[in-house]
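Numbers here simply count residues along the sequence, with the first being 1.
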Amino acid sequence: MTTLEQEINDFINNELLTLNGISTEVIEPKQQKEKFLERIFIRRYRKYATTQEVRDFVKARLDGIIDQKLPMTFVPSFGGYKHWWSPTYPTTDWAEIFNIKFLLEYLAPIYNSYKDNTVSIAYESEEVILAELNNIPQSGLDDYTKSFRKILEVFQGIVGVKPRLSLVLAREQYAEVGFTKDMLLKRIEEMKPAYYDRFKSYSEEDKQRRIEKVKTNFKLDGVKDYTHCSEDEIKKLYIESRVLNETFLDADYEVRGESFFDDPSTIPLLFTFGLGPGGEAWPHIGSSSSSMVDFWAGMGILERRENGKIVPRIISHSQYDIIKKSLIKVPVKSKLAGIGKNYDYIYVYNGTLLF
């Protein structure tokens, strides 16, 4: 191995894929309500200011869980796919690894301390609608799900039985109550006219902001090929996608709201983006300690600074375009070997990134 390979492999195997950096703090039962709440809102794990509404929601959930000795389930909600721009598409890459470690660090004092019942981290994936919503092939979504569950198994082996790690799919929860994707799509069609009317009521600035968000996610050459459509036709596609997304959030909540999101044992978490029904009161956290980019929308690399410090980074499409010619592809041998080609190497930036 070269010196750089050795440094990178040492970091991955001796720091990243270990319990290093994860707190061993144990909070006494009489302090748990106060200290758990403080931990959930600790500044270094958030990227935005919070509100009293969010604090009140989380406090009520925590108090209920502790008083009734319920299971405690943190539910990070996310898209359930790897963004198609990434060289690592369609499966997970190091960005997902960084996020799992980040969440384990974030919640450690809570799962170390709560002994009255189980503590779980249940990632929640809404991939059920993405083929229709963003024109992303279902085969790629399935590959992502498989690889995500495999990396969770690796981390479960590292941390043992606490906390329990899982990936929950909306479609699997639908099956448990006899609901299907076809039934979901039918319900969405029934609801959509009202959501088109709502979209029309937005200011022009707000409409454009929502369309731009779709533009970054919609794969024009995905399930169907829209690359030869006119600008007006593509704009209509983007509006349709946005309306579909807003309708889906409410239709999905009709099916799973009471049984899942409103379950008194769950504490939902959101990342940079994401705001469904009830989500106004959910806390937003970062994807990693050093990045604003959501892990599924970005790619994980390592930044090797001049002082020798190695920093996990999750970079966006535009950031990748800026530095891609400077990235070094470094071979990796780790516990993740065999899960997929994205873990046979990692891209490294030699220097300090300014974004």
Side-chain angles (χ1 to χ4, degrees), residues 1-17 21 44-48 78-79 81-103 105 134 136 140 143-144 147-148 151 212-222 271-273 285-334 336-337 339-355:
M1 282 189 180
T2 66
T3 301
L4 179 61
E5 283 181 55
Q6 189 66 58
E7 286 181 25
I8 297 304
N9 277 266
D10 284 349
F11 174 81
I12 288 171
N13 291 300
N14 300 327
E15 295 291 333
L16 182 61
L17 299 180
R44 69 175 176 271
Y45 294 100
R46 291 187 289 110
K47 300 301 179 185
Y48 298 108
F78 76 113
Y81 65 100
K82 175 59 67 176
H83 202 296
W84 48 264
W85 76 263
S86 176
T88 57
Y89 169 83
T91 59
T92 59
D93 65 38
W94 294 95
E96 282 76 6
I97 301 298
F98 300 162
N99 182 255
I100 296 168
K101 182 67 178 278
F102 180 74
L103 282 181
E105 293 171 2
N134 290 334
I136 298 174
D143 288 343
Y144 183 87
S147 66
F148 202 105
I151 62 176
E212 286 299 315
K213 182 71 173 78
V214 174
K215 186 178 179 179
T216 64
N217 292 325
F218 196 94
K219 186 171 174 57
L220 289 173
D221 59 347
F271 294 98
T272 304
F273 297 105
I285 59 172
S287 270
S288 75
S289 59
S290 58
S291 304
M292 284 287 289
V293 181
D294 290 327
F295 62 86
W296 66 97
M299 182 178 75
I301 68 168
L302 291 177
E303 173 188 343
R304 183 185 177 278
R305 296 179 177 173
E306 292 82 354
N307 61 6
K309 184 178 181 180
I310 297 174
V311 179
R313 296 293 298 263
I314 301 174
I315 59 172
S316 67
H317 191 179
S318 60
Q319 290 168 346
Y320 173 74
D321 284 343
I322 293 169
I323 65 171
K324 62 184 177 182
K325 292 182 180 178
S326 301
L327 292 174
I328 303 167
K329 192 174 184 178
V330 176
V332 172
K333 293 182 179 180
S334 73
L336 300 170
I339 290 179
K341 62 181 177 58
N342 292 338
Y343 299 111
D344 294 336
Y345 67 91
I346 191 167
Y347 286 111
V348 176
Y349 181 84
N350 243 332
T352 301
L353 293 171
L354 300 178
F355 47 73

I'd like to know if the side chain of [X] and the backbone of [Y] have a donor-acceptor N/O pair within less than 3.5 Å.
{"X": "Asn307", "Y": "Lys309", "result": "yes"}
{"X": "Trp85", "Y": "Ser316", "result": "no"}
{"X": "Asn9", "Y": "Pro331", "result": "yes"}
{"X": "Asn99", "Y": "Ser287", "result": "yes"}
{"X": "Asn13", "Y": "Lys333", "result": "yes"}
{"X": "Glu303", "Y": "Arg313", "result": "no"}

**Asked** What class does the angle between the rings of Phe271 and Phe295 fall in, given that below 30° is parallel, 30 to 60° is tilted and above 60° is perpendicular?
**Response** perpendicular

**Request:** Quick one: list whatever passes side chain to side chain donor-acceptor pair (under 3.5 Å) with Lys82, sequence neighbours left out.
**Result:** Asp93, Glu96

Shortest non-hydrogen separation from [X] to [Y] and the atoms involved:
{"X": "Gly286", "Y": "Phe102", "result": "O-CE2, 3.1 Å"}
{"X": "Gly351", "Y": "Glu306", "result": "CA-OE2, 3.7 Å"}
{"X": "Tyr345", "Y": "Trp94", "result": "O-NE1, 2.8 Å"}
{"X": "Ser291", "Y": "Pro312", "result": "OG-O, 4.5 Å"}
{"X": "Thr92", "Y": "Asn342", "result": "O-ND2, 3.0 Å"}
{"X": "Ala95", "Y": "Gly298", "result": "CB-O, 4.2 Å"}

Within this structure, what is the [atom1]-[atom2] distance for the pair [X] and [Y], rounded to the nearest 0.5 Å?
{"X": "Leu354", "Y": "Ile323", "atom1": "CG", "atom2": "CD1", "answer": "10.5 Å"}
{"X": "Met292", "Y": "Ile315", "atom1": "CE", "atom2": "CD1", "answer": "16.0 Å"}
{"X": "Tyr144", "Y": "Thr91", "atom1": "OH", "atom2": "OG1", "answer": "9.0 Å"}

**Asked** For Val332 and Tyr343, what are the C-alpha separation, side-chain angles and deciding distance, and is it a side-chain contact (heavy atoms from CB on, under 4.5 Å)?
**Response** CA-CA 7 Å; Val332 172; Tyr343 299 111; over 6 Å; no

**Prompt:** Under the side-chain contact (heavy atoms from CB on, under 4.5 Å) criterion, do Leu302 and Phe98 qualify, and how do the steps go?
**Reply:** CA-CA 10 Å; Leu302 291 177; Phe98 300 162; 3.8 Å; yes

**Prompt:** Centroid-to-centroid, Phe78 to Phe148, below 6.0 Å?
**Reply:** yes

